[in-house]
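To start, the structure itself, in structure tokens.
Only heavy atoms go into these numbers, but all of them, side chains included; no hydrogens, no water, no symmetry mates. Chain naming here is simple, since letters A, B, ... match the order of the sequence lines and numbering starts at 1 in each.
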Amino acid sequence: MKAVELSRTYDPKDFEDRIYKAWKEKGEFGPSASDKEHFSVVMPPPNVTGILHMGHALNNSLQDIIVRYHRMLGQPTLWVPGTDHAGIATQNVVERQLQKEGLRRQDLGREKFLERTWQVKEKHHDIIKGQLEKMGCSCDWDHERFTMDEGLSRAVREAFVTLYERGLIYKGKYLVNYCPKCGTALADDEVEYENVPGKLYDVRYPYADGSGYITVATTRPETMFGDTAVAVNPDDERYKDIVGKELLLPLTDRRIPIISDRFVAMDFGTGMVKITPAHDPNDFECGKRHGLEAINLLNPDGTLNENVPEKYRGMMAEEARKLVVEDLEKGGYLVKVTDHAHDVGHCYRCHTTVEPYLSEQWFVSMRSLADKALAAWRNGDIEFFPKRWENTYTHWMENIRDWCISRQLWWGHRIPVWYCKDCGKMIVSRTDPDECPECHGHHLEQESDVLDTWFSSWLWPFSTLGWPDKTPDLERFFPTNTLVSAYDIIFFWISRMIMASEEFLGKAPFHDIVITGLVRDIKGRKMSKSLGNGIDPLEVIDRYGADAMKFTLCYLAAQGQDVMIDMDSFRLGSRFANKIWNATRYLLMNLEGRNLVEIDRSRLTIMDRWIYSAFNRAARTIEDAMKGYHFNEAAQAIYSFFWNDFCDWYVEASKPRLLNGTDEEKDLQASILMDVLERSMRLMHPFLSFLTEEIYQKLPNHHGDVIAAPYPVFDGLLEDNEAEAMASLLQESARVVRAARSNLQIGPEKKLKVVIRMEEGEKAAFLRSEASLLASFMGASSVIIDTSASEDVSGAFPAAAVGFEAFVFVRDAIDVDAEMARLENELKKAEALLEASEKKLSNENFLSHAKAEAVEKERGKKAEAEERIAKAREHMALLRSF
RNA sequence: GGAGGAUUAGCUCAGCGGGAGAGCGCUUGCCUUACAAGCAAGAUGUCACAAGUUCAAUCCUUGUAUCCUCCA
């Protein structure tokens with residue numbers, strides 16, 4: 001066999017793109033035809049506006065790992081990719097572009113504007129797809145979907161009309177959150193509250209009968225023109241007698257009543273609040289209870305309308321506030337102004353202050369949907385990882401509020417409702433009607449509002465599979481298995497998908513919900529454009545490779561914890577990839593002249609058996625870790641197996657046999673190395689996909705592509721406790737001698753004689769059989785296993801370990817003081833352990849209550865500590881005689 | 001005002017009731033014919049604080065402190 005040459009350095013650019021293309025061309029990402037149980041995942045669709053950031057990289061890396069893992073387990077696996085039209089966000093992007101050209105969307109008109117938005121969508125879509133490919137995501141591009149493509153639009157209509165038919169959608173005049181800048185209503189969740197400094201104004205409202213005045217406190221005096229009452233708490237003794245009296249609203253000629261309502265907090269301000277139903281959610285509810293009029297003061301653009309005195313009309317709220325305060329002061333109504341920080345809602349897209357705004361909107365009645373979603377959780381149909389998110393989920397579901405789904409935007413799914421201009425009939429329809437069913441008129445006009453973006457994304461797990469049609473995909477891959485998402489969209493998206501799926505298909509859309517942390521910078525700040533602290537995944541890939549990025553993120557992603565990283569963090573994965581590359585390079589170049597042979601287990605040495613056992617242990621750890629989505633544990637198992645076990649010990653141990661053995665020995669050794677390497681590539685593939693594929697193709701013993709190869713699972717036959725115990729003895733003895741050499745500053749060029757004194761037995765026999773290997777690990781000229789204490793060790797340097805003692809024959813260059821200090825430290829540690837053990841063992845309660853194994857283990861520890869103490873003392877005495 | 005998370009080595013973090021761990025950084029020695037992005041050896045901790053449960057607590061319970069999220 002010829003040696004296989006690998007380039008001198010690991011350079012992922014050499015092969016990542018090529019391999020991705022090959023996988024794609026071979027159709028490796030599509031589901032196999034196997035009749036095993038399916039495994040499916042839908043990708044949380046990124047907003048088609050943006051480019052992918054580190055959070056996406058984390059999220060998709062984890063999904064890719066899960067998907068590749070299950071694919072290799074032989075399940076027909078489907079990972080559905082796609083993008084979200086992101087209503088407000090995308091419309092904002094296009095409007096900002098227009099703004100630069102001095103245009104507004106109204107200047108273009110709806111149709112032209114949408115045309116332009118589609119172009120932006122196409123451009124960003126290509127970028128996003130390119131990024132996912134660069135990352136190596138093994139999603140099935142043949143199944144790619146977009147929330148506004150034809151099939152999904154049909155699903156949206158089906159969902160809307162079905163809910164309407166079930167009486168769960170209604171239209172009405174309500175107070176909604178309104179962003180004046182975006183010019184649209186927002187759902188409750190789309191408002192972000194921020195504590196900002198403000199003022200609290202105490203204002204006098206005189207009694208209408210001239211008998212004095214009362215004082216109310218408000219943060220928004222400009223809304224007083226919408227006041228239709230002042231309220232006090234019915235239990236408030238102070239104001240018992242004034243309820244029912246009338247007040248004169250300052251700066252106007254209106255009279256308003258004093259009412260009593262439980263929602264008024266007695267201890268806030270004066271205990272009296274003005275009621276402005278059209279501009280405060282609490283007041284709105286209160287107004288409804290008391291039949292008060294709601295006076296809307298705002299135009300859609302946020303300016304004050306004709307319901308305020310003329311001088312304030314056309315002003316924005318903040319502008320008007322100043323003037324109103326001035327006027328109140330002039331009129332003698334202003335009592336005092338105090339600083340008062342309070343929470344103000346902001347639009348989650350453009351950060352403009354959100355106004356409560358009275359308008360006609362469409363709503364979904366959520367109670368019954370939420371109850372089904374809660375039942376799904378109670379029945380165990382969904383499970384969160386980590387579990388604690390279930391509290392968040394149930395809390396939200398239990399306190400659900402109706403969902404405002406209409407948006408005054410152009411980019412999105414237009415609400416499938418038409419109005420007949422002739423007779424006023426409202427038509428809700430799955431298909432575009434051309435005639436009024438009532439008057440048969442043809443003057444129909446479609447509702448101009450579009451639906452909230454989440455109204456399409458909440459259908460994602462089944463609309464992408466063909467729903468409302470009963471497609472084979474839907475049949476085969478729904479419900480999906482695992483959803484991976486960050487915690488910031490549990491409410492927006494995850495909860496609603498569960499509700500939609502339960503409502504329309506009667507099943508939960510997925511079983512496992514994996515909630516990842518957020519990616520933060522090294523200072524713990526959220527990565528954001530405005531802070532400029534983001535790390536571009538493409539830059540990471542450019543510098544370190546896609547595998548290094550994926551492995552690093554996986555290694556750092558402890559379940560549900562935020563991940564803090566900077567550019568340098570990715571060196572972790574990069575170094576590991578480099579290590580794998582170089583180990584492979586070494587092994588492949590030693591194939592020259594070798595023949596791979598059948599590996600006969602009876603011919604394996606203990607070290608051979610050990611590496612198989614260690615491999616097997618890693619496989620089991622990964623299996624357990626993947627079951628519970630402990631990605632970091634899986635990554636760590638891989639890392640320590642390949643680097644610490646395989647490279648540091650096994651490959652080193654194989655060198656003598658591989659380089660100096662007989663041809664037969666060399667062939668067997670090379671075969672074992674190739675076998676373990678081949679298995680390792682399969683084991684590591686989900687975590688380091690490109691690298692393992694590139695290497696796999698070069699292995700003489702590979703079969704097909706690693707992406708489609710079977711995943712190594714725990715194999716009882718490979719488990720070998722005896723070999724593990726023996727190997728750790730060998731490692732320990734090598735370590736002890738190396739440490740002694742290092743402490744004594746003996747350079748590696750000096751080959752010294754070593755005597756290991758221990759009891760006769762299997763262990764001694766093993767070490768004796770591996771004496772030459774031990775010698776190479778220890779840098780010894782010879783290693784003698786002395787079980788009869790017959791070797792003369794006078795003048796040799798002693799090094800202690802549990803179960804044996806090593807004597808290193810060295811006379812020169814010994815730093816006695818330093819070694820003495822080390823021994824004293826060792827003595828102290830051992831004495832502390834002994835003390836702890838003795839304390840436990842002299843405790844009657846421990847002996848009677850603890851498990852028998854625990855007591856036995858403790859006795860072992862005590863004996864061990866005693867041995868260490870004795871050795872340390874002995875060696876200190878020896879050292880003194882040097 | 002509720003809910004949740006965090007507090008472990010200089011830094012970033014694992015650790016899920018029985019002798020404190022990893023990576024990076026640091027110290028020392030090595031270009032040992034795969035890797036100096038490497039090898040070997042090493043130092044470093046009142047596991048935030050206080051009570052409690054337990055034979056046994058970094059781990060469970062309850063408080064306290066600091067920091068961070070989310071919800072109202």
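- Close to B:A37, at under 4.0 Å from its OP1 or OP2, lies no side-chain N or O of A:R571.
- Distance A:L556 CG to B:C24 C1': 11 Å, rounded to the nearest Å.
- Although no hydrogens or angles enter the test, the distance criterion places no donor-acceptor pair under 3.5 Å between the side chain of A:N177 and the main chain of A:V354.
- For A:R401 and B:A72, the shortest distance from a side-chain N or O to OP1 or OP2 is below 4.0 Å.
- On the C1' atoms, B:G18 is 31 Å away from B:C24, given to the nearest whole Å.
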Review point. Would A:I494 and A:I515 satisfy side-chain contact (heavy atoms from CB on, under 4.5 Å), going step by step from the backbone distance to the final call?
Key: CA-CA 10 Å; A:I494 299 176; A:I515 304 293; 3.7 Å; yes
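- The side chain of A:R575 sits closest to B:G38 out of B:A14, B:G38, B:A41.
- For A:D547 (side chain) and A:A577 (main-chain N/O), no donor-acceptor pair under 3.5 Å exists by modelled atom type.
- Judged by distance alone, the side chains of A:N582 and A:Y10 never bring a donor and an acceptor atom under 3.5 Å apart.
- At least one side-chain heavy atom of A:L673 sits under 4.5 Å from a side-chain heavy atom of A:F646.
- Rounded to a whole Å, the CZ atom of A:R741 is 14 Å from the C1' atom of B:C39.
- Taking the six-membered ring where the residue is Trp, the centroids of A:F551 and A:F576 are separated by under 6.0 Å.
- Between A:Y555 and A:Y639, the ring centre distance stays below 6.0 Å.
- Spacing between B:G52 and B:U12 at atom C1', rounded to whole Å, works out to 33 Å.
- Remark: the separation of the P atoms in B:A48 and B:A14 is 14 Å, to the nearest Å.
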Under 3.5 Å between N/O atoms: give me all the protein pairs with nucleotides 54-57 of chain B, atom names plus distance.
| residue | atom | partner | partner atom | Å |
| --- | --- | --- | --- | --- |
| B:C55 | OP1 | A:H849 | NE2 | 3.3 |
| B:C55 | O4' | A:N845 | O | 3.4 |
| B:C55 | O2' | A:N843 | ND2 | 2.7 |

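- Here, B:G10 and B:U69 have their P atoms 26 Å apart, quoted to the whole Å.
- Using bins of under 30°, 30° to 60° and over 60° for the plane-to-plane angle, the ring pair A:W581/A:F15 lands in the parallel bin.
- Side chains of A:T621 and A:D624: no donor on one and acceptor on the other come within 3.5 Å.
- The distance between atom CG of A:N177 and atom P of B:A72, rounded to the nearest whole Å, is 10 Å.
- Nearer the 5' end of RNA chain B, as judged by each residue's closest nucleotide, is the contact made by A:E633, out of A:E633 and A:A739.
- The gap from the P atom of B:A22 to that of B:G5 amounts to 28 Å, rounded to the nearest Å.
- A:F570 has its CZ atom 15 Å from the C1' atom of B:C24, to the nearest Å.
- For B:A6 and B:G19, the C1' atoms lie 28 Å apart once the distance is rounded to whole Å.
- B:C70 and B:A9: their C1' atoms are spaced 32 Å apart (whole Å).
- Closest contact between the side chain of A:N578 and the listed nucleotides B:A40, B:A37, B:G5 involves B:A37.
- Remark: RNA chain B takes part in the stems B:1-7 with B:65-71, B:10-13 with B:21-24, B:26-30 with B:38-42, B:48-52 with B:60-64, each of 3 or more antiparallel Watson-Crick or G-U pairs, criterion distances under 3.5 Å.
- Rounded to whole Å, the C1' atom of B:U33 lies 14 Å from the corresponding atom of B:G38.
- Of the listed nucleotides (B:A41, B:G18, B:C24), B:A41 has the atom at the smallest distance from the side chain of A:R735.
- Look at CG on A:D562: it is 8 Å from C1' on B:U69, rounded to the nearest Å.
- Atom P of nucleotide B:G2 and atom CD of A:E398 are separated by 18 Å, given to the nearest angstrom.
- Shown are A:F491, A:Y487, A:W396; of these, the ring pair (Phe, Tyr, Trp, His ring centres under 6.0 Å) with A:W389 is made only by A:Y487.
- Under the 3.5 Å distance criterion, the side-chain polar atoms of A:R594 are left unmatched by any main-chain donor or acceptor of A:M1.
- A:Y555 comes within contact range of the sugar-phosphate backbone alone, with a heavy-atom separation under 4.0 Å but no base atom that close.
- Under the 4.0 Å criterion applied to side-chain N and carboxylate O atoms, A:D542 and A:K13 are assigned as salt-bridge partners.
- Of the candidate nucleotides B:C71, B:C35, B:G4, B:G4 has the atom nearest to the side chain of A:N391.
- The pair A:E858-A:K840 meets the salt-bridge criterion, since a charged nitrogen lies less than 4.0 angstrom from a carboxylate oxygen.
- Contact annotation: A:W643 reaches the phosphate of B:C39 (side-chain N/O to OP1 or OP2, under 4.0 Å).
- Counting only heavy atoms from C-beta on, A:S574 has its side chain closest to B:A37 among B:A37, B:A14, B:G23.
- Here B:G5 presents its P atom at 9 Å from CH2 of A:W389, a figure rounded to the nearest Å.
- Stacking of A:K655 on the aromatic ring of A:Y586 is recorded, both the 6.0 Å distance cut-off and the 45° axial limit being met.
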Review point. How does each nucleotide of nucleotides 26-34 of chain B score, in 5' to 3' order, for protein heavy atoms under 4.0 Å: base (B), sugar-phosphate only (S), or none (-)?
Key: --S-S---B
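- Atom CG in A:D566 sits about 10 Å away from atom C1' in B:C11, given to the nearest Å.
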